[in-house]
Amino acid sequence: MNLPKSASVVIVGGGISGCAIAWNLANRGVKDIVVLEKDTLANGSTGRCGAGIRMQWGAEKNCRLAQFSVNFFENANDILAYERDIEFEQSGYLIIAANEAEAQQFRKNVALQNSLGIPSVFLSPEEATAIVPYINATQFVAATFCQKDGHLNPFHTTDAFAIAAERLGVRIFKHTEVTGIEVKNNRIESVDTTGGRIATHIVVNAAGGWSKAIGKMAGVDVPVYVQRHQILVTEPLEPILGPMVMGFSYNIYIQQVPHGSIIMGRSDHTEPRDFRTTSGWKFIEEMTKTCGTLLPYLRTAKILRQWAGHYCMTEDAQPIYGPVPEVEGMYLACGFSGHGFMLAPATAELISEMILGEPLTIDVSDLDIGRFKRRELVREQSVV
Amino acid sequence: MMYETDLVVIGGGPAGLMAANTAAGAGASVLLLERDRHLGGQLIKQTHKFFGSEKQHASERGIDIAALLGDELKSLEDRVTVWTHATAVGLYDDGVITVDYDGTYRKVRPKRIVAATGASEKFLSFPNNDLPGIYGAGAVQTMMNVYGLRPGKRVLMIGAGNIGLIVSYQLLQAGVSVAAVVEGLPQIGGYAVHASKIRRAGVPILTSHTIVRADGKESVESAVIAEIGSDWKVVRGSEQTIPCDVICISVGLTPLTELLWQAGCEMRYIPALGGYVPARSDRLETTVPGIYVAGDAAGIEEASAAMVEGHLAGLEAALSLGCGGDGCEEERADCLKQLSSLRSGPTAEKIRAGLSCAHGCQTPKRRDEHA
Amino acid sequence: MLEKTGIATREQIEKLLPSPGRRAEGPYAVMECFQKIPCNPCSTSCAFHAILPMDDINDIPSVTPDKCTGCGACAAVCPGLAIFIIDESKGGGTGTVTLPYEFRPLPGIGETVKAVNRAGEVVGDAVVTRVLPGKKTKTPLVTIEVPLSLVHEVRFIRCEAHQEEDPSVADTLREIPAPPQTADIGEQDDEVVICRCEGVTLREIRDLIREGYTTVDEIKRISRAGMGPCQARTCGPLIAAEIARMTGEPLGSVAPSAHRAPVKPLPIEFFLGGDTE
Amino acid sequence: MENRRITDHPILDFSEGEVIPFTFDGKPMEGRSGDTIASALHANGVKVLGYHFKTKRPRGFYCAIGNCSSCLMVVNGQSNVRTCTEPLLPGMKVETQIDRGVPDDV
């Protein structure tokens with residue numbers, strides 16, 4: 001398959017965001033969309049992430065974005081006519097508060113969430129054990145729970161978007177790396193790739209950790225940095241965990257996927273800002289310590305593998321959405337800071353609306369690239 | 001607790017034992033990790049006499065060579081620590097090795113590493129290839145020669161390389177009948193003398209044949225084999241059913257290199273050496289400075305070559321640490337001479353070709369010692 | 001043909017034999033070693049220097065019949081069990097064959113055993129005249145008396161105990177008719193298990209390759225093949241081979257999936273003993 | 001039942017080890033010292049160690065060195081024990097595994 005000479009939109013990055021945006025645009029009738037992926041689909045952060053989705057956020061915007069995505073995922077197998085299964089399991093998120101201060105914040109969060117129609121509840125440790133019977137209730141002072149939260153199979157979900165997009169005429173080129181972007185008179189003219197040149201006036205930069213490099217090709221400084229993030233997975237077990245268990249102070253998220261494996265991850269803010277995806281032994285030690293304390297009954301579950309991916313971070317740990325003032329035609333969908341997977345349906349909707357000049361379903365104008373220069377950072381405490 | 005030492009040798013088979021002996025003999029402090037409960041690796045399953053020359057203990061049986069090398073190690077015990085039932089489970093980019101030492105978590109940070117991790121067996125695709133009663137040749141050897149168990153009554157052997165032929169012979173020695181040895185190639189891959197040994201004991205060797213399927217309700221009851229043409233397709237009508245309760249798969253080995261991949265060594269796909277092997281210098285140092293490789297992990301060869309490679313890798317690792325004294329140059333030269341003589345014959349033609357691809361790397365610049 | 005069947009031809013054997021004069025004089029070694037392999041214990045073990053020293057370890061052994069006493073030292077050490085001591089000098093129409101025999105039970109002196117040729121076929125009876133148990137080498141040398149016409153044929157023996165439990169396998173092969181089913185993996189690929197851990201069949205793998213998933217990683221992500229407890233040790237190479245076969249790519253360009261720690265499954269509690277530095 | 005233990009071998013000496021009693025799916029069986037769980041079962045003629053949780057196909061001893069997942073069984077209530085490398089201990093309760101298993105105290 002040869003690259004077309006031109007395209008209406010070139011999407012850089014074959015992760016969940018790129019594939020979802022491609023499908024969304026095509027679904028709105030846009031023709032001649034090209035997706036460029038330097039490796040294989042979901043090979044970057046998407047395929048390495050925990051693939052959870054929660055509506056329990058502390059900032060209204062994040063709640064709304066997640067809410068949109070949950071609604072989409074609930075029907076995604078049908079909407080995308082996917083023959084396999086995206087494995088959206090709404091087994092809920094149980095988020096634990098390690099101390100009173102955190103519990104106070106959670107009370108506010110639940111009030112906000114409920115006001116938006118998100119069915120979360122505030123729980124005592126005892127009430128939490130009714131949901132996750134084997135959790136060590138001495139380790140937290142309160143918890144919140146939302147049954148509608150859950151997790152998906154990130155490979156199948158990306159696959160579903162990609163297949164649906166291709167069905168609508170989108171052309172996805174794997175193993176095709178972007179090597180340059182031609183800008184004339186502050187306007188994008190073409191994209192150079194290892195497979196040739198494509199003339200286009202619109203480039204969506206959904207390149208995850210590589211979005212900074214893609215931006216630079218067009219002379220745009222995308223204020224993101226990359227940090228390694230590690231996860232481990234156990235052998236498959238019969239269903240024993242129920243909801244995703246998450247703790248911000250505890251620095252853990254842990255879930256059992258429908259197949260039976262238990263996946264858990266944590267963050268390490270001392271990680272150097274680089275592209276390493278090698279594994280580290282300290283991670284396993286820290287991770288197993290937390291898991292052993294919080295969910296001691298899992299101590300005999302056997303770890304099969306640890307792996308690493310990137311968080312594409314911004315200063316305020318919020319995504320960058322939308323056009324770039326200095327270069328006409330470049331749209332950013334990056335800097336998700338670990339939440340790109342769960343936000344993808346909303347991301348796709350919003351970026352499509354921006355490209356087509358339609359009113360935004362959710363106002364994300366404050367998540368533009370300009371906020372960093374303006375020093376109008378968005379605050380969200382509820383992150384791992 | 002971080003265990004610090006000059007050299008960690010991963011694997012206590014022929015290559016690893018030689019590496020540990022040599023490095024310790026040269027004055028390095030060595031930690032030897034062996035996954036099994038006994039030292040010797042595959043040697044302890046080798047009841048046949050080895051080829052080679054006296055220097056590689058030719059005409060001794062593998063199991064006796066294991067004991068011999070183990071004894072030598074004991075004589076160096078003030079410099080060698082041996083952990084058996086110890087699996088190196090991770091080799092990280094900061095040079096740390098995590099170890100499952102008899103169920104206990106240990107961390108080791110050596111100055112040098114010799115990876116002598118050996119090989120794993122290749123598997124084969126055919127219908128019902130997962131039926132109980134289908135084993136790898138290594139498993140059959142383990143059952144017979146370690147646990148003293150007959151794998152079954154009647155075995156169909158797939159593969160007429162040296163291992164397939166030797167294991168067939170070992171089966172006969174254990175009182176198990178071998179229905180046939182089936183080989184896809186038009187000629188026997190292993191040494192003719194091994195083939196003759198089982199042939200005169202009544203085992204047919206069917207070249208240009210393949211297994212078509214296995215059958216049985218809960219375990220193997222029979223297999224269908226058939227002739228294959230030069231196009232590798234089954235010759236219709238040549239199928240025959242072989243009653244058997246065991247199918248032994250011996251279709252080759254592939255270097256066990258997971259730890260080297262983890263460590264970030266440059267790996268090259270070299271079919272003649274069994275699959276992916278680390279690129280290395282002629283001193284057996286990989287592209288990650290301080291990590292050496294020897295034996296089957298460096299490419300599938302005979303145990304005799306593995307022993308010499310282990311010797312060389314152990315020596316090079318020790319020398320790079322400033323150990324060793326007079327005579328090391330001669331020792332190195334002698335190892336290289338032994339290797340080239342073992343690899344000089346027509347049966348080693350493939351190995352020579354393979355090695356020329358694997359050895360294309362310069363001795364890397366050593367990074368600073370771990371602070 | 002030796003390389004196809006494991007059986008040396010008559011011509012190959014005849015070339016090994018000493019002159020008729022030497023054969024009539026006494027025992028001599030016959031080295032049925034026809035392939036250049038790196039091996040030299042026969043030549044280093046000969047106290048009489050009857051086997052030429054090997055400049056190249058791959059040399060084929062060369063016996064000087066006049067120096068060979070037929071002592072059998074080489075036969076006991078030969079890793080290939082390829083050396084036989086033949087004695088045609090006894091008269092009376094019989095000769096002896098001394099052969100390595102690493103089986104149990106060892107026959108007793110005077111016992112009648114079946115004489116077996118290079119193809120595993122019984123060619124007559126033989127009487128055991130000597131048994132060297134080979135305490136050190138663990139390769140017993142058994143000498144049998146056979147008609148002179150068979151000294152270059154008989155290379156193995158079968159004792160009573162063996163005969164009962166091991167019917168001629170070659171015969172069995174001939175007796176069994178071909179099965180009714182046609183054998184072709186192409187039609188039975190749902191019975192071929194590629195990933196034993198996750199239970200993924202060849203059919204599933206082939207379907208995915210046809211859909212355009214042409215890397216080991218993509219197939220793993222969609223099918224889970226290789227995600228199980230063995231971490232693709234068994235199935236990884238099979239999947240790569242199937243991709244190479246179906247796409248025509250060389251196997252070397254089908255990238256394997258990444259290897260990660262731990263190399264074997266370890267319980268969470270295992271790591272709880274470690275302390276971070 | 002066929003005797004799978006080798007007693008007379010031309011090269012190796014197999015001494016009769018100490019008897020180790022255990023049960024397999026409730027049936028009393030005997031292994032020998034030096035046995036792994038799987039080797040003891042094999043000596044007792046047991047070929048099927050479990051059934052794959054997804055395909056339900058029978059699984060047996062395969063690699064014998066802890067590389068594959070063919071020999072996973074439930075031992076003393078603990079699932080997913082690699083029986084080919086796990087030493088046999090007196091009184092072990094060994095059971096056929098038919099599912100993914102659960103941690104021992106669930």
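First the proteins, then the strands, lettered A, B, ... as listed; each starts at 1.
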Problem set entry | Region of D/S79 in contact with chain A, defined by heavy-atom distances below 4.5 Å | backbone
Exercise. Which atom names give the shortest non-hydrogen contact between D/V81 and A/K302, and what distance separates them?
Worked result: N-NZ, 4.4 Å
For this session: Heavy-atom distances under 4.5 Å only: say whether A/E238 touches chain D with side chain, backbone, both or neither.
Result: both
For this session: Work out which heavy atom in D/V102 is nearest to a heavy atom in A/I240; give both atom names and the distance.
Result: CG1-CG2, 3.6 Å
For this session: State whether the number of non-hydrogen atoms from other residues, nucleotides or ligands found under 6.0 Å of A/K148 atom NZ is greater than 12.
Result: no
Problem set entry | D/R100 vs A/H259, side chain to side chain contact (heavy atoms under 4.5 Å, CB included): CA-CA, chis, key distance, verdict | CA-CA 9 Å; D/R100 299 170 174 86; A/H259 175 71; 4.2 Å; yes
For this session: State whether the number of non-hydrogen atoms from other residues, nucleotides or ligands found under 6.0 Å of D/K27 atom NZ is greater than 12.
Result: no
For this session: Hey, could you give me the OG1/CG distance between A/T300 and D/N80, rounded to the nearest 0.5 Å?
Result: 9.0 Å
For this session: Could you tell me which non-hydrogen atom of A/Y297 sits nearest to which non-hydrogen atom of D/P103, and how far apart they are?
Result: O-CB, 3.4 Å
